[in-house]
Amino acid sequence: MKLAATFSSLFAKRTAAPAARSAARLARNAEPARELDLLLIWSAVGLLLLGLVMVYSASIAFAEGSRFTGYQSHYFLMRHAVFLAVGVGLGLVAFQLPMTQWQRLAPALFVGGVVLLVVVLIPGVGREVNGAQRWLSLGPVNLQPSELMKIFAALYAADYTVRKLDAMSSFKRGFLPMMIVILFVGFLLLREPDFGAFVVITSIAFGVLFLGGVNIRVFALLGVFALIGFVILIWTSPYRRERIFGFMDPWQDAFGKGYQLSHALIAFGRGEWFGVGLGGSVEKLFYLPEAHTDFLLAVIAEELGFVGVLTVVLLFALLVQRAFAIGRDAIRLERYFPGLVAQGIGLWIGVQSFINMGVNTGLLPTKGLTLPLMSFGGSGIVANCLALAILLRVDWENRQIMRGGRT
């Protein structure tokens, strides 16, 4: 509540404190020699490179034993490296666009994302894997629209909040339109089904509204309705019900609905403090499903131990903290759209990494969510790199303004 009140007051006093005064105040604490936030860069690079190594380690046995991969041990390593290179390349291009341009593009990108979510549901067009229709086949690669929709949601929610700044205290004019749009997006995601992406995108959109100063009573009401909706979604779906009950006691049916979680917990137990050594995991040898995607953290825990997991957690915490700090600096400079975008990206990475870690450790029900920046997946890695590029652009523009330059 205090955080929302702080941002709300900053928004309300747009004419009270000139941007130049804020820039001068921030410049006194800035390091002039640095063009970008090195803590953000190195935490992101650390996660990306560690992810590349661990994807190879977690996938090597599966790749060697699968006809789909041509029995090539480096199959997933090479593809992940290509996805990472493409993501970095597109990120460099995205970094060149000023945030004013991103704001103009935000509505069109969001509409384009919704169109892709509709197209992926068309029979014969969307590609189905393990009962979920989430991918569009583009020759040698598959596009997952829900991954791109996460960044589009952050951009659109920030743009919407800035445009509706004077109506944020009104349920009908400020909150209701966004709620209708997000519910429609959620309906499309649940049709795939992709409940995990629905949770993340909803968290991004409504989190940005909260930071933008939406009425706290309206937000509390949303929380109540969200809880009721969550219970209904679980109760009306036998598949989701089984996952919930399996999560509560995976050992009751360790060879059925509790299979993934029980093997993930075994991996954590084997890792102890320092792990069994890189490449030494037993659980990745066809015991732990999705070892290189959803359950990559379990392999990290087994091979690198508690120290490895703690390192990953700290790197994510540092990255999220820097995202919110960059957003806070932008808002102090009266750059509301870039500030909310930066914090929306922080919310995205923070919420998704928390859910994935919670699933791996048995704190949350099993969800089809990867570990951002680390897990195997082309669309996810590309979307993550684009988000980091936009975040770095916000930081770069902040520093240019603090130095008296132009963006």
Side-chain angles (χ1 to χ4, degrees), residues 48 51-52 54-56 58-60 62-91 93-94 109-153 185-186 188-201 260 289-296 348-349 352 355-356 366-389:
L48 289 169
L52 182 66
M54 294 311 303
V55 162
Y56 180 46
S59 66
I60 187 169
F62 176 72
E64 283 182 340
S66 173
R67 185 169 57 184
F68 168 76
T69 64
Y71 307 104
Q72 300 176 8
S73 61
H74 58 275
Y75 177 84
F76 291 103
L77 170 67
M78 297 304 297
R79 288 176 69 86
H80 192 76
V82 169
F83 294 146
L84 186 55
V86 171
V88 171
L90 291 176
V93 174
L109 290 173
F110 187 79
V111 171
V114 172
V115 171
L116 288 176
L117 290 179
V118 173
V119 171
V120 80
L121 294 174
I122 299 175
V125 177
R127 183 168 179 262
E128 184 175 335
V129 178
N130 296 330
Q133 193 165 320
R134 304 175 185 173
W135 296 268
L136 292 173
S137 183
L138 302 176
V141 297
N142 295 313
L143 174 67
Q144 190 172 356
S146 60
E147 290 294 337
L148 296 178
M149 197 63 191
K150 293 170 186 174
I151 190 169
F152 296 162
V185 171
L188 296 176
L189 290 169
L190 292 176
R191 291 285 297 170
E192 295 183 5
D194 195 345
F195 187 69
F198 169 59
V199 172
V200 173
I201 289 173
Q260 285 179 303
E290 311 297 339
H292 58 298
T293 54
D294 298 358
F295 284 90
L296 184 67
W348 165 17
I349 296 175
Q352 185 166 332
I355 292 175
N356 179 273
T366 304
K367 286 273 155 284
L369 277 177
T370 57
L371 191 60
L373 303 170
M374 299 189 72
S375 293
F376 177 80
S379 299
I381 286 293
V382 170
N384 294 158
C385 289
L386 287 174
L388 288 173

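Keep in mind that the numbers below use all heavy atoms, side chains included, and drop hydrogens, waters and symmetry copies.
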**Message:** With a 3.5 Å distance limit and no angle check, can you tell me whether S59 reaches the backbone of V55 through a side-chain donor-acceptor pair?
**Reply:** yes
**Request:** Might you point out which heavy atoms bring T69 and A63 nearest each other, and give the distance in Å?
**Result:** OG1-O, 2.5 Å
**Prompt:** Who pairs with Q133 by side chain to side chain donor-acceptor pair (under 3.5 Å), at least two apart in sequence or on another chain?
**Reply:** none
**Fill in**
Sorted by chain and number, sequence neighbours left out, ring pair (Phe, Tyr, Trp, His ring centres under 6.0 Å) with F198 holds for none
**Request:** Determine which pairs satisfy ring pair (Phe, Tyr, Trp, His ring centres under 6.0 Å) with at least one residue from residues 123-146, sequence neighbours left out, and list them in order.
**Result:** none
**Request:** Answer yes or no: is there a donor N or O on one side and an acceptor on the other, between the side chain of S379 and the main chain of Q144, under 3.5 Å?
**Result:** yes
**Prompt:** What heavy-atom pair brings T370 and S375 nearest, and what distance separates the two atoms?
**Reply:** CB-CB, 3.5 Å
**Request:** Side-chain contact test, heavy atoms from C-beta onward, threshold under 4.5 Å: evaluate it for W348 versus I151 and give yes or no.
**Result:** yes
**Request:** Measure the CZ-CD distance between R134 and E128 for me, rounded to the nearest 0.5 Å.
**Result:** 10.5 Å
**Asked** Does any non-hydrogen side-chain atom of I60 lie less than 4.5 Å from one of E64?
**Response** yes
**Item:** Heavy-atom pair of closest approach, residues L143 and L116
**Value:** CD2-CD1, 4.4 Å
Result block: side-chain N/O donor-acceptor pairs under 3.5 angstrom for residues 381-388, not counting sequence neighbours:
from: N384; atom 1: OD1; to: L373; atom 2: N; distance (Å): 2.8
from: N384; atom 1: ND2; to: G380; atom 2: O; distance (Å): 3.4

**Fill in**
By salt bridge (charged side-chain N to carboxylate O under 4.0 Å, His left out), E192 pairs with (sequence neighbours left out) none
**Request:** State which residue, out of L136, L121, V114, fulfils the side-chain contact (heavy atoms from CB on, under 4.5 Å) condition with P145.
**Result:** L136
**Request:** Could you tell me whether the side chain of D194 and the main chain of L189 form a donor-acceptor pair under 3.5 Å?
**Result:** no
**Request:** Taking D294 for its side chain and N356 for its backbone only, find out whether a donor-acceptor pair lies under 3.5 Å.
**Result:** no
**Asked** What heavy-atom pair brings M149 and F110 nearest, and what distance separates the two atoms?
**Response** CE-CE1, 3.2 Å
List the atom pairs, with distances to 0.1 Å, where a side-chain N or O of residues 75-88 and a protein N or O form a donor-acceptor pair under 3.5 Å, not counting sequence neighbours.
from: R79; atom 1: NH2; to: P140; atom 2: O; distance (Å): 3.3

**Asked** Which pair of heavy atoms, one from L117 and one from S146, lies closest together, and at what distance?
**Response** CD2-N, 4.0 Å
**Request:** Heavy atoms only: give me the nearest P372-I349 pair and the separation to one decimal.
**Result:** CG-O, 4.2 Å
